[in-house]
There are 2 protein chains.
Amino acid sequence: MSVTLKDVAALAGVSRSAVSRTFTEGASVSAKTRSKVEKAAQTLGYSPNALASSLTTGRTKLIGLISNNFHNPIFLEVFDQFTRALQERGLRPLIVNLTDETEPANSVRMLRQYSVDAVIVASSTLPPSFAKAFHDAGVPVVHTFGRSATSPEVHVVGIDNVESGRMAARELLARGYKRIGYLGGPKDATSARDRYRGFMEEVEKHPSIAVSYSFADNYSFEAGRAEMLRLLQGTPAEGYFCGDDILSIGALSALSDHGLKPGIDIGIIGLNDMEMSRWESVALTTIHQPIKQIITSSVDLVEEMLKDPKRYPEARIFPCRVIERGTLRPRP
Amino acid sequence: MSVTLKDVAALAGVSRSAVSRTFTEGASVSAKTRSKVEKAAQTLGYSPNALASSLTTGRTKLIGLISNNFHNPIFLEVFDQFTRALQERGLRPLIVNLTDETEPANSVRMLRQYSVDAVIVASSTLPPSFAKAFHDAGVPVVHTFGRSATSPEVHVVGIDNVESGRMAARELLARGYKRIGYLGGPKDATSARDRYRGFMEEVEKHPSIAVSYSFADNYSFEAGRAEMLRLLQGTPAEGYFCGDDILSIGALSALSDHGLKPGIDIGIIGLNDMEMSRWESVALTTIHQPIKQIITSSVDLVEEMLKDPKRYPEARIFPCRVIERGTLRPRP
DNA sequence: GGAAGTTTTGCAACCGATTGCAAGTTTCAT
DNA sequence: ATGAAACTTGCAATCGGTTGCAAAACTTCC
């Protein structure tokens, strides 16, 4: 069927080793054989079977990319960045869509069957234990957007979620909001909990401030909208920190239903700064999470681990910053 | 390092063949050996190396998934559906992000190196020749969202883009718009051209109707917005068919800048019916493209091709229908 | 020209599985 | 108990490559 090493060797009149060597970086071949081989390979249309070679080399260049955020548009950006960053380095993403399950066992088994060189868990909602399961199975792993504090056994790249919560609280307070609220992602997501913690920590320094909180069912437009609609049935706060831009946009939609103007009637600050938040019709004031840097750094880290799988675990934390748009009242 | 067939065989006290056979469907093993092997495998934590077995079986269950639409949110839905559908059937998506190139040679080579069993080209902008390159290289291929008419050599699953153009035109005419326009995707995308063709074909039956057209730079919010802003500098038409929901949403944003109300001042009809179009703040009237059915059918087709790689090429065309929301004036 | 040093080459074993074949074991009817 | 038929099993070759090792082929230098 397809053309193999042997065919090329035969045509070029050399041994199979010679052919193998012309296709492996830094192997010893004379210019003469190399050119003979290359010509033969050319005419036969040969290209080496990466999977076969992985058998002996132990490297597949396959990287498992696991996620469960398929309803948050930010993830398209994340996907785009990841696939590109991996491709640029000659690595191949093998996707796992975890939409309905959070049990690592299956994914671990499957990814081991395919001998992935490493795994990237790209999710802010999966627990550290999920990533750790790969580590325990001997698979190098990076948890991007993961929780840093409590997972010393696994590489984590992302932001300090607690600090981002504080930052949001400070921002709302600086704008003079007196009754503020946290509208977070799903209660069991580490990111939602950490942001909550930071937010509360900061607010509690100011006893005069009234604070409330609630958690949406997941990081999605619908969940954000539903939660804000619920809040609007009672007495809403003056300003909200929504734990993610997509929640914010859902919340904005709820406000609009009630004829409320964001930034005027009710303040909203999000987190992520996704493309959509920049749209003029959205103009969301938000905390910028440096997605691109986080992803590049994650892939860098993956490469490091390919060289040294026992690399000492590390947390790479990137700072966030507030992006001023139109959904908070101006600072006084 | 990792535990292999041999280790299990040794522990279970049987030959390697016996182990292999207990792990392959429908092979001949006695209940006794099977249980011995399973126990040994259990204690060792063995699971077969899919790549090694692919060497002899010639099947990897790896499916190349190629796309270039990483700036259209619809693609997140597409991605979600594809990865799930493949997973459910025990197939593994190997992603290729084609953002900057349209030259098939590289992708073909790479995917052949990884011995993918088949390739799915998920793009409405790549030409039929792109998909054909895989066919020519002997790789089974399905072009999802591809152009059906002129590519008899490759399986295509999608909609009839020409007909969708006609449908849009009929809808605008039925609402009594007298000056209508097509705001399409990139000029070199087959989908944009076919929709244009159908649109014009239908309009030309009505000589009294004034028609105009233009093409956005790509299928993105920014491109749609930019193009509509440009149109608004002159004398815009009364109703537009935007060749994709994301273009429509970009266009809506432009209208809003000019204080124009969609459905009242200017009509907009999109195509796709993506999640976002259902958001109350968007409420886009659009032509529903049955994404889920298209994707399921594509993966079905992939499975068929695994059984019979020489399967006679087929176009699977799914009907669309208009979804009435708020961006067209009501039918009289 | 020849010794020593450096490169290049092919052989053969190996990576982790599968599978045709023949020998060994069961089953079962007689 | 016997023989034929049906299952199981292990051997050994194979899939498409890589790589350590020793032999062969070049260089270099005197």
Side-chain angles (χ1 to χ4, degrees), chain A residues 1-38 40-41 44-62 109-117 138-139, chain B residues 1-38 40-41 44-62 109-117 138-139:
Chain A
M1 177 68 217
S2 82
V3 12
T4 75
L5 207 68
K6 202 161 59 179
D7 305 325
V8 179
L11 179 59
V14 298
S15 74
R16 288 156 56 238
S17 334
V19 180
S20 169
R21 283 193 258 256
T22 68
F23 283 96
T24 52
E25 203 73 15
S28 157
V29 243
S30 67
K32 193 152 45 131
T33 22
R34 150 156 281 135
S35 81
K36 272 195 298 187
V37 169
E38 273 168 354
L44 258 40
Y46 167 79
S47 70
N49 180 329
L51 268 22
S53 73
S54 85
L55 251 193
T56 33
T57 61
R59 285 234 164 322
T60 55
K61 303 205 168 211
L62 251 24
R109 189 160 34 72
M110 185 242 120
L111 289 171
R112 282 197 12 172
Q113 287 185 344
Y114 280 85
S115 322
V116 293
D117 287 348
V139 181
Chain B
M1 176 68 216
S2 85
V3 14
T4 77
L5 207 63
K6 202 162 60 178
D7 306 325
V8 179
L11 180 59
V14 297
S15 74
R16 286 155 59 238
S17 333
V19 180
S20 170
R21 283 193 258 257
T22 68
F23 282 95
T24 53
E25 204 72 14
S28 158
V29 242
S30 68
K32 196 153 41 132
T33 22
R34 151 157 279 133
S35 80
K36 271 196 298 190
V37 169
E38 274 168 353
L44 258 39
Y46 168 78
S47 69
N49 180 329
L51 268 24
S53 72
S54 85
L55 250 192
T56 32
T57 60
R59 286 231 161 328
T60 55
K61 304 206 167 211
L62 251 24
R109 188 161 34 74
M110 186 238 120
L111 288 171
R112 280 196 13 172
Q113 287 185 343
Y114 280 84
S115 321
V116 294
D117 288 347
V139 180

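When reading the values below, keep in mind they use all heavy atoms of this one structure, side chains included, and skip hydrogens, waters and symmetry mates. On a predicted model such as this, the values are computed, not experimentally measured, just so you know. Just so it is clear: chains get the letters A, B, ... in the order the sequence lines come, proteins before strands, and each one is counted from 1.
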For this session: Taking all non-hydrogen atoms of both residues into account, name the closest pair between B:Val8 and B:Ala41 and its distance.
Result: CG1-N, 3.9 Å
Seminar exercise, completed: Note: A:Leu5 and A:Ser20 closest approach over all heavy atoms is CD1-N, 3.9 Å
For this session: Mind checking the OG-CG spacing from A:Ser54 to B:Asn49? Nearest 0.5 Å is all I need.
Result: 7.0 Å
For this session: Determine: side-chain N/O of A:Ser15 to OP1/OP2 of C:dT9, distance under 4.0 Å, yes or no.
Result: no
Exercise. To the nearest 0.5 Å, what is the distance between CD (A:Glu38) and CZ (A:Phe23)?
Worked result: 6.5 Å
N/O contacts under 3.5 Å, protein versus nucleotides 16-18 of chain D?
unit_1	atom_1	unit_2	atom_2	d
D:dG16	N2	A:Ala52	O	3.3
D:dG17	OP1	A:Tyr46	OH	3.4
D:dG17	OP1	A:Asn49	N	3.1
D:dG17	OP2	A:Leu5	N	2.7
D:dG17	O5'	A:Tyr46	OH	3.2
D:dG17	O5'	A:Asn49	N	3.4
D:dG17	N7	A:Arg16	NH2	3.0
D:dG17	O6	A:Arg16	NH2	3.0
D:dT18	OP2	A:Ser20	OG	2.3
D:dT18	O4'	A:Thr56	OG1	2.9

Exercise. For the helix from C:dG1-D:dC30 to C:dT30-D:dA1, what is the angle between the axes at its two ends, each from 5 pairs, rounded to 10°?
Worked result: 30°
Problem set entry | Separation of D:dT9 C1' from B:Lys32 NZ (nearest whole Å) | 12 Å
For this session: Please report the closest heavy-atom contact between B:Arg21 and B:Ala27, naming both atoms and the distance.
Result: O-CB, 3.6 Å
Seminar exercise, completed: Closest heavy-atom pair, A:Asp7 versus A:Ser2, reported as atoms and distance to 0.1 Å, is OD2-O, 4.1 Å
For this session: Would you mind classifying the nucleic acid contact of B:Ser30 as base, sugar-phosphate or nothing, using non-hydrogen atoms under 4.0 angstrom?
Result: sugar-phosphate
Problem set entry | Test applied, side-chain contact (heavy atoms from CB on, under 4.5 Å); reference residue, B:Leu62; option that passes from B:Leu111, B:Val116, B:Asp117 | B:Val116
Problem set entry | Contact check, side chains of A:Leu51 and B:Leu55, non-hydrogen atoms, under 4.5 Å | no
Exercise. Tell me: CZ of A:Arg34 to P of C:dT7, nearest whole Å?
Worked result: 16 Å
